[in-house]
Amino acid sequence: MEEKTTTPSHFIRTIIREDKKNGKNDGRVHTRFPPEPNGYLHIGHAKSICLNFGMAEEFDGKCNLRFDDTNPEKEEVEYVESIKEDVRWLGFDWEDREYYASDYFEQLYEFAIELIKKGKAYVDHLTPDQIRKYRGTLTEPGKNSPYRDRTVEENLELFEKMRNGDFGEGECVLRAKIDMASPNINMRDPALYRIKKAHHHRTGDKWVIYPMYDFAHALSDAIEHITHSLCTLEFEDHRPLYDWCVENVSAPSRPVQIEFARLNLSYTVLSKRKLLQLVREKYVDGWDDPRMPTISGFRRRGYTPESVRDFSERIGVAKKDSIVDLSLLEFCLREDLNKRAERRMAVLRPLKVVIENYPEGQTEELDAVNNPEDDSMGMRKVPFSREIYIERTDFMEDPPKKFFRLYPGNEVRLRYAYFITCTDVVKDENGEIIELRCTYDPASRGGNSPDGRKVRGTIHWVSVPHAVDAEVRLYDNLFKKPDPDDVDEGRTFLDNINPNSLEVVNTKAEPAIGEVQAGDNFQFERMGYFVADKKEHTSGKPVFNRSVTLRDTWAKISKK
Ligand code: ATP
Ligand code: MG
């Protein structure tokens with residue numbers, strides 16, 4: 001059986017387990033993931049998806065996918081499609097429960113009428129500016145609007161006129177009648193409906209009034225019989241309003257909101273507004289640019305759904321905000337790919353080596369292991385010849401003390417091949433090294449020491465006449481600072497963009513690379529994990545993205 005790392009449990013699991021045990025909601029567990037289709041999903045949303053779908057799975061419940069599309073101007077069909085693709089890719093299934101808040105517009109309107117009839121909502125004709133002034137501050141109570149005591153009949157008539165488009169945008173709103181002196185500003189007669197004469201991606205021009213988030217969200221949960229409505233901490237102060245909405249209409253069920261801390265990642269911005277800006281202003285090449293923290297960006301970068309789910313599990317669910325180190329996510333990817341990705345050899349920055357005592361015109365095939373972690377992945381043949389490429393960084397003419405790779409007079413092992421010794425360095429007129437001369441020991445075939453003599457370094461290589469050219473994209477963090485929003489006055493997160501986040505290198509790879517499919521993951525030995533780019537890789541022109549390096553900083557950090 002596969003070993004499963006045990007991760008700490010969390011308070012939401014405890015609450016749900018208790019509720020189920022006590023027979024609350026008849027023992028039902030029903031969650032939902034409620035994205036607003038105004039951008040692509042990011043890794044923070046992945047945490048929410050894994051939590052909502054994960055809890056439903058664990059407690060034999062259901063999880064709905066609900067598009068929170070109450071804001072007509074910012075929403076687009078493209079986003080709906082991308083969100084569905086991302087949730088599916090993560091491995092979750094909403095079955096036939098794909099819902100839209102906009103499907104409930106009629107029902108929500110009826111709930112609003114109900115509130116008016118109960119004297120709990122009124123049409124307010126204060127201007128937006130006046131409403132702000134009347135609202136008061138954290139230290140001062142608000143003031144009642146002069147329109148607050150309109151009669152039920154008058155309110156019903158005015159609200160219907162709102163719906164019919166008889167008023168202009170901003171002319172009036174429907175407000176809940178709660179308490180203008182409440183210490184919680186959210187309870188000072190919050191707006192429930194506003195006028196927006198905008199086209200909606202699903203309802204078209206049918207509506208000119210749109211429900212506000214708190215009202216629509218709470219009642220959509222109730223309509224769908226959601227039991228546990230999991231959301232991020234910034235909604236904690238909205239919970240009394242959530243409860244008020246559900247309690248003051250004849251809601252078909254009584255959901256409960258539970259807040260958890262949102263994911264923050266170092267070197268990363270997780271705000272759709274900022275991500276949209278990066279895309280629109282072309283700091284990156286689209287939402288799925290491999291440097292983007294979007295789910296589609298991670299997918300194109302070569303992340304696996306398993307690694308993202310593992311990450312979501314490991315970070316846990318807390319009640320207090322914190323910043324998770326990006327290297328934990330990288331650690332999860334390495335853990336996953338180490339077991340699954342086949343190894344190949346590719347030289348990212350090639351330096352030619354001529355093996356002078358190797359017979360000219362001769363080639364041979366050597367055996368290479370596909371994955372030392374998994375024998376069932378077998379072996380492959382790698383061609384060898386008199387001329388090979390090695391990594392430029394594996395040679396130093398004048399090395400420091402602990403450099404164990406190639407330098408004049410030193411012997412190293414070529415992985416799966418032979419021991420070679422550097423005998424000469426060839427330079428061009430500018431003094432640039434263009435070629436190395438070496439000799440090899442035929443008795444070391446397969447990389448085995450013929451007489452027990454030791455070499456300290458093992459390097460990878462690719463045979464020159466057999467090499468396949470590949471474009472390789474190496475990525476660094478998109479931001480220079482752990483907190484991209486850490487800026488001096490007058491500056492923005494854009495000033496923290498790392499100008500060197502992408503480096504493209506022309507790589508020489510072993511011929512087996514010619515056969516890979518777009519989306520396949522590999523480890524290029526010693527250089528990291530790579531994926532054949534989903535969009536641009538073809539067998540004629542291989543293109544690889546480096547998903548992550550092999551260096552494991554997180555393991556070191558966590559040991560401190
Ligand atoms: P952003 O602030 O990035 O624009 P949002 O909260 O407006 O995100 P929604 O589409 O409303 O985006 O989010 C859908 C769900 O995902 C919500 O339940 C929200 O709480 C959750 N979510 C959003 N960002 C994070 C995050 N960083 N960590 C955990 N959950 C998140
Ligand atoms: Mg939101």
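Note that the structure is a prediction, hence the values are computed from the model and not measured. Quick note: numbers below take in every heavy atom, side chains included, and nothing from hydrogens, waters or symmetry partners. Remember, it's 1-based here, ligands and their atoms both numbered in the order they're listed.
For ligand 1, the atoms lying closer than 4.0 Å to a non-hydrogen atom of Thr232 are 19 (C), 20 (O), 29 (C), 30 (N), 31 (C). The distance from ligand 1 to the heavy atoms of His45 drops below 4.0 Å at these ligand atoms: 8 (O), 9 (P), 10 (O), 12 (O), 13 (O), 14 (C), 16 (O), 22 (N), 23 (C). Near Ser271, meaning under 4.0 Å from one of its heavy atoms, ligand 1 places the atoms 3 (O). Atoms of ligand 1 found under 4.0 Å from any heavy atom of Glu36, numbered from 1 in the order shown, are 9 (P), 10 (O).
Between the Asn477 side chain and the Phe479 main chain, no donor and acceptor come within less than 3.5 Å of each other.
Considering only residues two or more places apart in sequence or on other chains, Asp93 meets the salt bridge (charged side-chain N to carboxylate O under 4.0 Å, His left out) condition with none of them. Scanning for side chain to side chain contact (heavy atoms under 4.5 Å, CB included) contacts around Lys143 gives Tyr134, with sequence neighbours left out.
Looking at ligand 1, you won't find any N or O of Pro34 less than 3.5 Å from one of its N or O atoms. Polar contact with ligand 1: absent for Pro35 (N/O pair, distance under 3.5 Å).
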Start with the C-alpha gap between His217 and Arg32, add the side-chain angles, then the distance that decides, and say whether side-chain hydrogen bond (donor to acceptor under 3.5 Å, both in side chains) holds.
CA-CA 11 Å; His217 192 84; Arg32 84 287 169 265; 2.9 Å; yes
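Contact between His42 and ligand 1 is present, with at least one heavy atom of the residue lying under 4.0 Å from the ligand.
Proximity annotation for atom 24 (N) of ligand 1: of Glu259, Lys272, Lys47, Arg262, Arg262 comes nearest, heavy atoms only.
Applying the salt bridge (Lys or Arg N to Asp or Glu O under 4.0 Å) test between Glu335 and each of Arg340, Arg309, Arg314 identifies Arg314 as the sole match.
The aromatic ring centres of Phe215 and Tyr193 sit less than 6.0 Å apart.
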